[in-house]
Amino acid sequence: MTTEGSVDSGRSDLSSALPLLSGASTLPSMLFDRLEEAIITGALESGGRIHADDLAAHYGVSRIPVREALRSLHEAGWVDIKPRYGVRVRERTEQELTELFEFRALVEGQVARWAAERHTRAELDALEKTVQAGEKAHRAGDHPGLSRSNSEFYTALSAGAHNSVLRSTAVALRKRARFYFSTVEDQLGRDWIEVHKSLFQAVRAGEPEQATRIAEDHIVETGAAVRGLLFPAG
């Protein structure tokens with residue numbers, strides 16, 4: 001049974017799910033960042049109920065910045081807030097997963113196309129470094145390192161596309177995608193480094209059609225793999 005001031009998300013100990021605050025940002029923005037990351041990674045479980053009292057006690061702050069952060073999370077689509085229902089982490093759905101990866105394939109394909117056409121020498125060097133980091137993590141069996149290099153690869157690829165609107169759209173979609181694949185990430189990623197190498201080669205060679213195809217195919221295949229793991233009966 002949960003009471004006002006509890007987090008009913010499958011984890012009774014907030015200290016294991018949520019890091020404490022640090023830095024110079026405002027309290028609501030820091031809370032937003034911590035809670036968003038906890039939702040994306042599954043530390044706060046999909047469908048779990050959240051109450052402001054536990055968060056305020058955990059962070060040693062008043063309920064006011066907590067409630068402001070929760071409202072921002074609601075506006076961003078990470079939690080649902082309803083009268084007499086409280087605050088709950090958004091649910092994962094098969095339909096959203098399908099639509100998300102379908103659209104993300106188009107966006108990442110365009111990122112790859114423009115990166116192949118517009119990259120600078122410095123951006124190509126930065127992209128190559130992420131591939132090398134991924135290879136090193138892959139050889140060492142370092143899955144967190146491989147996941148980190150995957151994120152850094154797409155950040156570097158977006159920089160080479162030279163379009164701020166496309167970059168911000170891609171970043172938002174990557175967060176949504178992580179919300180789905182983060183909980184099964186240890187079962188994914190084994191072929192990511194080969195995809196990164198092929199995509200890097202296409203960008204370096206200035207082959208936009210090839211880069212687009214590689215990026216789109218990879219996102220579609222990843223979406224199918226995630227769907228099979230999260231919704232096996234779908």
Side-chain angles (χ1 to χ4, degrees), residues 10 36-48 76-78 89-116 127 130-131 133-135 137-139 141-158 160-161 166-203 207-234:
E36 180 187 53
E37 183 65 14
I39 290 168
I40 289 172
T41 62
L44 293 177
E45 295 177 359
S46 174
W78 291 120
V89 178
R90 67 175 303 165
E91 298 274 5
R92 294 180 178 87
T93 70
E94 185 173 5
Q95 179 177 349
E96 184 187 45
L97 186 157
T98 299
E99 293 175 355
L100 171 64
F101 278 86
E102 181 180 57
F103 182 56
R104 189 183 170 214
L106 297 178
V107 172
E108 297 293 2
Q110 189 62 54
V111 168
R113 173 182 294 276
W114 281 346
L127 188 63
T130 70
V131 175
E135 287 185 298
H138 180 71
R139 289 194 300 270
D142 176 9
H143 198 85
L146 186 60
S147 175
R148 186 167 53 253
S149 70
N150 179 65
S151 176
E152 292 170 351
F153 176 85
Y154 281 101
T155 297
L157 193 68
S158 293
L166 182 63
R167 181 169 62 251
S168 62
T169 300
V171 168
L173 290 175
R174 288 167 197 158
K175 283 187 177 181
R176 295 295 185 190
R178 282 185 61 218
F179 176 65
Y180 280 90
F181 72 65
S182 63
T183 59
V184 294
E185 196 168 11
D186 60 337
Q187 302 174 66
L188 300 169
R190 294 178 178 86
D191 65 339
W192 287 353
I193 187 59
E194 295 303 321
V195 174
H196 294 175
K197 288 163 65 176
S198 296
L199 188 46
F200 167 72
Q201 289 166 4
V203 170
E207 298 177 348
E209 296 295 335
Q210 178 76 347
T212 302
R213 183 189 63 77
I214 293 171
E216 288 183 350
D217 288 352
H218 173 57
I219 299 302
V220 169
E221 291 167 5
T222 299
V226 174
R227 185 167 56 250
L229 292 169
L230 293 181
F231 305 98

Does some side-chain heavy atom of Arg176 sit less than 4.5 Å from a side-chain heavy atom of Trp78? yes
Indicate yes or no for a side-chain donor-acceptor contact from [X] to the backbone of [Y] under 3.5 Å, with no hydrogens or angles considered.
X      : Y      : value
Thr222 : His218 : yes
Arg92  : Phe179 : yes
Tyr180 : Thr93  : yes
Arg104 : Ile219 : no
Ser149 : Leu146 : yes

Starting at [atom1] of [X], measure out to [atom2] of [Y] and round the result to the nearest 0.5 Å.
X      : Y      : atom1 : atom2 : value
Ile214 : Glu194 : CD1   : CD    : 11.5 Å
Ser158 : Glu108 : OG    : CD    : 6.0 Å
Thr183 : Arg178 : OG1   : CZ    : 11.5 Å
Phe103 : Thr98  : CZ    : OG1   : 15.5 Å
His138 : Asp191 : NE2   : CG    : 9.5 Å
Leu97  : Leu229 : CG    : CG    : 10.5 Å

Shortest non-hydrogen contact from [X] to [Y]?
X      : Y      : result
Ile193 : Gly134 : CD1-C, 3.6 Å
Leu166 : Ala161 : CD2-CB, 4.5 Å
Thr130 : Leu127 : OG1-O, 2.7 Å
Ile40  : Ser182 : O-OG, 2.5 Å

For a side chain to side chain contact (heavy atoms under 4.5 Å, CB included) check, start with the C-alpha distance between Tyr154 and Leu157, then their side-chain angles and the critical distance, and finish with the verdict. CA-CA 5 Å; Tyr154 281 101; Leu157 193 68; 4.2 Å; yes
Name of the residue among Glu185, His196, Arg174 meeting side-chain hydrogen bond (donor to acceptor under 3.5 Å, both in side chains) with Asn150: His196
Salt bridge between Glu135 and Lys197, side-chain N to carboxylate O under 4.0 Å? yes
